[in-house]
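Below, chain A is the first sequence line, B the second, and so on; all start at residue 1. Keep in mind that what you see is a predicted model, and the values were worked out from it rather than measured.
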Protein chains: 2
Amino acid sequence: MVARYERIAAELRDDILGGAYPVGSQLPSEAELAARYSAARGTVRQAIAVLIAEGLIGSRQGARRVVLGNTPSQSFAELHSFAQWAKANGLRVGGRVISQTPRAARGAEAERLACGEVLEVLRLRTLEGEPVLIERTVYAGWIAPAVAALPPDCDSVTQALYDSVGLVFAYGEHLIDAVAAGASDARLLGVRRGSPLLRQRRITTTYEGRPVEWSDDRYRAGSVTFSIRNSIGSNPLVRQAGDLRLGD
Amino acid sequence: MVARYERIAAELRDDILGGAYPVGSQLPSEAELAARYSAARGTVRQAIAVLIAEGLIGSRQGARRVVLGNTPSQSFAELHSFAQWAKANGLRVGGRVISQTPRAARGAEAERLACGEVLEVLRLRTLEGEPVLIERTVYAGWIAPAVAALPPDCDSVTQALYDSVGLVFAYGEHLIDAVAAGASDARLLGVRRGSPLLRQRRITTTYEGRPVEWSDDRYRAGSVTFSIRNSIGSNPLVRQAGDLRLGD
DNA sequence: TATGGGAACTTGTACAAACAAGCCAGCCCT
DNA sequence: AGGGCTGGCTTGTTTGTACAAGTTCCCATA
């Protein structure tokens, strides 16, 4: 059973994406929408809040809401999981495990992952047959056995861990910057040493806030772009100066 | 007059940031908070929604809410305006206009900015005296006179335009990727040609959804990092494959 | 022709109530 | 000891109402 406000949000989203409300045009008033869907004003407001969070429409007190964009947004899983993102975009994904070594947590890892033993995995990922991503992932000790049991050519670790042990990657924190390719990066990705890579470092936790993994992902320049929409009063993405808390 | 739910959110945020609720611990129930603040449950829920959007706490039906982090988040202005971000972080910012040329809109610009005449500005920005950012900004014709009237060493264009003509940068869409430094990038930033740069392309609009500027900002690697927190069910940041809608 | 004041409209905030859905701990039974 | 179940707790959804605050636009006035 899907909530009412979600169905209303879906209908409005379809209208916007379908061109019924062009970019720059005004949405009907809350009262009008409430009447149209036979719902309370609060329910309509909840539906609209969803679209505002997606960046599709803008809102300010006193004025009618405005359509800001007409491109669909993606799900958390697609940001978090390379395979699920690729699949949702109709791209063919591949990859293999290069190395997989259990070891003791080093330096800040122990605190970051809240455990002493970790499993370090190095994966090379391909898109449409081309190598585009190097994943250096450190898994917390308590999930390491399930990770080690996965086949080396497993496309979606996220999906596999959910299927095998019911683990849900619920929250993530991501740091994005640019780095030069090191010797091993360059060899694996087939680029020159020193060429630009887009780096995404992330730490992922369960619903309870328990850390699951810490990863350093490096994309070949030109292969992937991150996109974000924001507005005054909502600020999901922030900048940080060079000296970073999660840095190493 | 600040809204009640914002004051409650601020108190809870202070509690979390101050360590009263450590990372991983549980928050009091809605009913408990409602009693403590003598507010309705709906109001408390609104306050909590703010903190969830900031990524400070996680929530799921049936279980107590959990503290996910204890680092403050920043404001939209700080993502959008280099100067305001630097200021908020206590960094000394400088910069100057390299060139400023009015011209006809080219290619996709006319559609993107919804105008025929544009003003192209090239700025070099410094942080703590070091050059870190090249800004290539194209302003829509209707705001060009106000931009041209600014002093060449103006630190915050965003602030200056608000002060002079009341313009508010309300919404933004950002694309983030990595590129190699070109010849002019390298010269201005004082790095070698081909060295990695973090690129942020963005388009900014007013409250009405009217495009104001289109910018290509390139940061020297290591100087700046973008950070984002997300969760299942909320997905502000997305990935895109190489072939981009806003690309050129 | 400008300009100021409103009136009507629209979104934001707050409260109250009821039910649905999911989680968790403790109890009971085997 | 272990497993299943139940009941209480907690968050999610929906409706209704009232007022506050901001925008827009028309109209009367200077």
Pairwise N/O distances under 3.5 Å, protein to nucleotides 3-7 of chain D:
none

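Qualifying side chain to side chain contact (heavy atoms under 4.5 Å, CB included) partners for A:Gln159, counting only residues two or more places apart in sequence or in other chains: A:Gln84, A:Ser156, A:Tyr162, A:Asp163. Among residues two or more places apart in sequence or in another chain, the salt bridge (charged side-chain N to carboxylate O under 4.0 Å, His left out) test is passed with A:Glu109 by A:Arg103. With sequence neighbours excluded, the residues that form a side chain to side chain contact (heavy atoms under 4.5 Å, CB included) with B:Ala34 are B:Val44. With sequence neighbours left out, A:Gln100 forms a side chain to side chain contact (heavy atoms under 4.5 Å, CB included) with A:Val97, A:Leu119, A:Val121, A:Ala148. With sequence neighbours excluded, the residues forming a salt bridge (charged side-chain N to carboxylate O under 4.0 Å, His left out) with B:Arg60 are A:Glu208, listed by chain and number. Residues passing the side chain to side chain contact (heavy atoms under 4.5 Å, CB included) test with A:Ser215, sequence neighbours excluded: A:Thr137, A:Arg202, A:Asp217.
Residue pairs meeting the side-chain hydrogen bond (donor to acceptor under 3.5 Å, both in side chains) criterion with at least one partner in residues 24-34 of chain B, sequence neighbours excluded, are B:Glu30-B:Arg41, B:Glu30-B:Arg45, B:Glu30-B:Arg65. Listed by first and then second residue, the salt bridge (Lys or Arg N to Asp or Glu O under 4.0 Å) pairs involving residues 18-27 of chain A amount to none (not counting sequence neighbours).
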Side-chain donor-acceptor pairs under 3.5 Å in residues 7-24 of chain A, sequence neighbours left out?
from	atom 1	to	atom 2	distance (Å)
A:Arg13	NH1	A:Glu54	OE1	2.9
A:Arg13	NH1	A:Glu54	OE2	2.4
A:Tyr21	OH	A:Arg36	NH1	3.3

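Taking the 5' to 3' direction, DNA chain C first and last meets chain A under 4.0 angstrom from a heavy atom at C:dT10 to C:dT13.
Taking every heavy atom of residues 59-70 of chain B and every atom of DNA chain D, pairs under 4.0 Å involve B:Ser59, B:Arg60, B:Gln61, B:Gly62, B:Ala63, B:Arg64, B:Arg65, by number.
Contact check, A:Arg45 against D:dT14: no side-chain N or O comes under 4.0 Å of OP1 or OP2.
Take the nearest nucleotide of DNA chain D for B:Glu208 and for A:Arg7: the residue whose nucleotide is more 5' is A:Arg7.
Rounding to whole angstrom units, CD of residue A:Glu30 and C1' of D:dG16 are separated by 14 Å.
A:Ala31 comes within contact range of no nucleotide atom at all, as no heavy-atom separation falls under 4.0 Å.
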